[in-house]
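Both ligands and their constituent atoms are indexed starting at 1 by order of listing. Please read all numbers here as calculations on a predicted model, not as lab measurements. Here, residue 1 is the first one in the sequence, and each next residue gets the next number.
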Amino acid sequence: MYRSLLTLGLLAFVPALVLTQEEKPNPNKPLDFVKLDRKDPMVYEKDVEPILVKKCLVCHSGPVKEAKLDLATYEALMKGGKRGKSVIPGKGEESLIIKLCSRNAKPHMPPKSEEPLSAKELTIIKVWIDEGAKAPSGIREKPKAIVGAPPAQVTPVRAVAITPDKNQVAAGRGNQIHLFEANSGNHVKALIDPGLTTPDKKPVQAAHLSLVESLAFSPDGKLLVSGGYQEAIIWDLGSGAIKQKLTGFADRVVTIVFSPDGKLIATGGGAPTEDGEIKVFEVETGKLVVDIKNGHSDTVYGACFSPDGTKLATCGADKFVKVFELPSGKFIKSFEGHTHHVMDVGWKSDGKLLASGGAELPTATAPSKGVIKVWDFEKGEQVRTINTPTKPVSRLRFLGKTSVIVVSIGDGSAARFNVDNGGAQGNLAGAASDYLHALDASPDGTLIAAGGEEGVVRVYNGANGQLVKTLTPPGVEQPKK
Ligand code: HEC
């Protein structure tokens with residue numbers, strides 16, 4: 001008797017708490033849960049995944065993983081993002097994903113510019129978490145990543161390249177490739193893949209569907225290669241037309257380089273934590289000539305041909321720098337000593353020294369520090385370590401035939417160091433206000449270009465480090481200062 005009264009009392013109370021029908025979403029107000037007319041438990045792949053695919057994946061999958069949160073698979077969702085776990089099984093309302101999606105905590109998800117979740121969708125995710133956030137039920141094939149064009153406001157510069165004659169600078173900005181005159185800063189043209197469409201067949205005016213990750217000019221300056229998500233393109237610079245499209249990549253092509261004779265290009269990439277991918281193609285035919293499998297156990301971020309073109313140095317998230325023989329693809333040696341991601345590797349013009357840059361293992365007092373290591377190629381030994389003051393090193397180039405390298409750093413600065421003695425040679429003037437991802441130097445080392453999260457490219461005099469020009473495509477404001 002007592003118990004049924006209590007139940008009655010509770011029941012009477014419940015409808016006041018939950019909305020029985022869906023309200024029109026107001027993008028600022030917290031979103032309430034609704035009563036779902038449903039008895040069987042939620043099933044991840046049937047109930048939850050379609051919501052994430054529709055409303056979250058553009059910013060949380062493939063090359064764009066905002067806040068380091070990947071929502072493309074159950075495993076990645078459960079791993080969480082930069083703030084930690086997004087899902088606490090059994091505790092829907094305490095889970096970050098619900099706090100943000102119900103707009104009870106910031107940053108509200110999806111962001112205001114996007115289509116919000118309906119109260120019903122929010123409730124489905126919450127109930128699934130309350131029920132223990134169960135994994136997908138059946139044994140499924142690895143889900144195919146769905147990659148669309150990035151949102152218009154996502155315009156990081158992830159790649160830059162300078163023509164060998166120093167007349168032009170190419171910049172990958174979002175999914176676009178822009179060419180600029182290095183001296184005047186004038187915009188020359190944008191390279192467009194004329195047949196490009198989204199997965200649902202809408203035309204896209206861009207070079208790649210997703211972000212441009214890597215760029216390099218051929219030694220004769222006639223070709224530009226660009227790497228994107230699961231593809232690379234060889235462009236004819238004169239006509240702006242596509243000469244070859246290279247496919248067969250597992251994930252992003254994050255580094256792309258020409259051999260010194262211009263006959264080969266090497267690419268690096270691979271699916272994070274699964275396999276490092278190293279491929280070498282013949283430029284003329286687009287044929288895959290070397291396919292190095294399991295060269296690294298995680299994404300390959302950097303690659304560099306030896307000055308004589310007979311070897312390829314690579315580095316990656318597995319903390320290794322490795323060297324392979326060409327064209328056999330045979331492993332020659334590895335260089336061990338990095339404690340975290342190695343982002344780029346360069347070969348000194350005499351072929352004797354290698355330099356690599358990346359991140360130090362984060363500690364409580366130094367959450368993200370950068371490091372450069374110099375290696376003796378013959379001995380296979382570390383020569384020295386150069387610490388960069390703050391954030392990780394993202395790209396590294398030797399300046400001409402000198403012992404000086406220039407590196408782009410996560411804190412927005414670019415700095416030069418002498419690999420023979422480790423001495424700092426000064427920062428380039430006029431740092432970016434956000435993460436620098438991209439850097440290139442002309443073959444003689446007298447011109448440097450760098451770009452990053454801000455979406456602008458800065459061109460520097462390599463000799464004195466002075467800023468020459470700031471490049472932005474037409475219609476985009478130059479940064480203040
Ligand atoms: C237009 C892009 C965009 C869309 C769409 C989007 N997000 Fe986000 N999301 C972001 C950005 C940007 C951040 C980082 C904001 C910050 O750190 O201040 C973020 C952060 C998050 C975080 C915090 C992760 C962490 O550990 O810091 C969660 C959780 C999240 N999003 C969930 C979602 C969900 C669920 C959806 C879909 C319902 C969604 N997002 C849709 C851009 C987006």
Side-chain angles (χ1 to χ4, degrees), residues 22 25-34 42 44-130 133 136 143 145-156 158 174-175 198-200 202 204 209-211 229 272 362 367-368 391 410 433-435 437 452-455:
E22 279 191 35
N26 171 337
N28 297 312
K29 249 180 55 188
L31 191 58
D32 289 314
F33 303 113
V34 290
M42 294 293 167
Y44 177 77
E45 68 268 38
K46 273 200 344 227
D47 299 299
V48 178
E49 193 176 60
I51 303 172
L52 303 181
V53 167
K54 195 165 140 213
K55 300 212 168 154
C56 319
L57 285 201
V58 283
C59 302
H60 292 287
S61 70
V64 189
K65 296 186 185 80
E66 294 291 3
K68 299 194 166 63
L69 180 63
D70 186 352
L71 296 176
T73 63
Y74 170 80
E75 290 74 22
L77 160 64
M78 298 310 285
K79 204 169 140 207
K82 70 173 184 195
R83 292 178 178 81
K85 300 267 183 223
S86 289
V87 171
I88 309 168
K91 298 183 175 167
E93 278 190 71
E94 286 171 41
S95 295
L96 181 67
I97 190 168
I98 298 302
K99 286 188 190 158
L100 305 189
C101 289
S102 63
R103 302 192 285 264
N104 279 303
K106 291 221 163 141
H108 294 170
M109 283 297 132
K112 232 185 191 169
S113 58
E114 307 297 308
E115 197 191 333
L117 285 187
S118 69
K120 186 174 165 197
E121 288 169 328
L122 174 74
T123 311
I124 289 173
I125 303 175
K126 175 193 169 278
V127 171
W128 169 74
I129 299 174
D130 286 340
I146 304 147
V147 171
Q153 76 275 19
V154 176
T155 56
R158 295 245 184 127
N175 59 4
T198 60
D200 54 354
K202 293 200 191 89
V204 179
L209 183 57
S210 196
L211 302 184
Y229 187 70
S368 60
K391 299 271 169 134
S433 64
D434 205 339
Y435 213 97
H437 300 290
E453 209 53 36
E454 271 181 317

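- For Pro110, heavy-atom contacts with ligand 1 shorter than 4.0 Å involve the backbone as well as the side chain.
- Within ligand 1, counting atoms from 1 as listed, the ones closer than 4.0 Å to a heavy atom of Gly81 are 26 (O).
- For atom 11 (C) of ligand 1, the nearest non-hydrogen atom from the set Lys54, Gln153, Glu66, Lys85 belongs to Glu66.
- In Met109, the part holding a heavy atom less than 4.0 Å from any atom of ligand 1 is the side chain.
- Scanning the protein for heavy atoms near atom 36 (C) of ligand 1, the closest one is Cys56 SG, 2.8 Å.
- Short contacts between ligand 1 and Lys55, defined as distances under 4.0 Å to a heavy atom of the residue, involve ligand atoms 5 (C), 37 (C), 41 (C).
- Among the atoms of Lys82, some N or O lies under 3.5 angstrom from an N or O of ligand 1.
- For ligand 1, the atoms lying closer than 4.0 Å to a non-hydrogen atom of Leu100 are 22 (C), 23 (C), 28 (C), 29 (C).
- Ligand-side atoms of ligand 1 in range of Leu117: 38 (C), range being under 4.0 angstrom from any heavy atom.
- Closest to atom 14 (C) of ligand 1 among all protein heavy atoms lies Ala67 CB, 3.7 Å.
- When side chains are defined from C-beta on, Leu209 counts as touching Pro199, because their heavy atoms get closer than 4.5 Å.
- A donor-acceptor pair under 3.5 Å is absent between the side-chain atoms of Arg103 and the main chain of His108, judged by distance alone.
- Of the N or O atoms in His60, one or more lie within a sub-3.5 Å distance of an N or O in ligand 1.
- Side chains of Lys126 and Asp130 form a contact here, defined as non-hydrogen atoms less than 4.5 Å apart.
- Atoms of ligand 1 found under 4.0 Å from any heavy atom of Ser86 (numbered from 1 in listed order, with element): 29 (C).
- The closest donor-acceptor contact from the side chain of Ser95 to the backbone of Ile88 lies under 3.5 Å.
- Two residues are said to be in side-chain contact when any heavy atoms from C-beta on lie closer than 4.5 Å; Val154 and Val58 fail this criterion.
- If you number the atoms of ligand 1 from 1 as listed, the ones under 4.0 Å from a heavy atom of Leu69 come out as 22 (C), 24 (C), 28 (C), 29 (C), 30 (C), 32 (C).
- Looking only at distances, no side-chain donor or acceptor of His60 sits under 3.5 Å from a matching main-chain atom of Ala72.
- Between Glu115 and Lys55 there is a salt bridge, with a side-chain nitrogen of the basic residue lying less than 4.0 Å from a carboxylate oxygen of the acidic one.
- Residue Arg83 holds the heavy atom nearest to atom 18 (O) of ligand 1 of all those in His108, Lys79, Arg83, Lys106.
- Counting heavy atoms closer than 4.0 Å to ligand 1, residue Cys101 contributes side-chain atoms (C-beta onward) but none from N, CA, C or O.
- The Pro107 neighbourhood of ligand 1 comprises atoms 15 (C), 16 (C), 18 (O), with distances under 4.0 Å to a heavy atom of that residue.
- Closest non-hydrogen pair, Pro150 versus Ser210, comes out as CD-CA, 4.1 Å.
- Every N/O-N/O distance between Glu114 and ligand 1 stays at or above 3.5 Å.
- Contact annotation: the side chain of Lys79 never approaches that of Asp70 to less than 4.5 Å [non-hydrogen atoms, C-beta and beyond].
- Put simply, CD on Gln153 and OG1 on Thr155 are 8.5 Å apart, with the number rounded to the nearest 0.5 Å.
- Regarding atom 2 (C) of ligand 1, its nearest protein heavy-atom neighbour is Cys59 SG, 1.9 Å.
- A tilted orientation is assigned to the rings of Trp128 and Tyr44, their planes being inclined by 30° to 60°.
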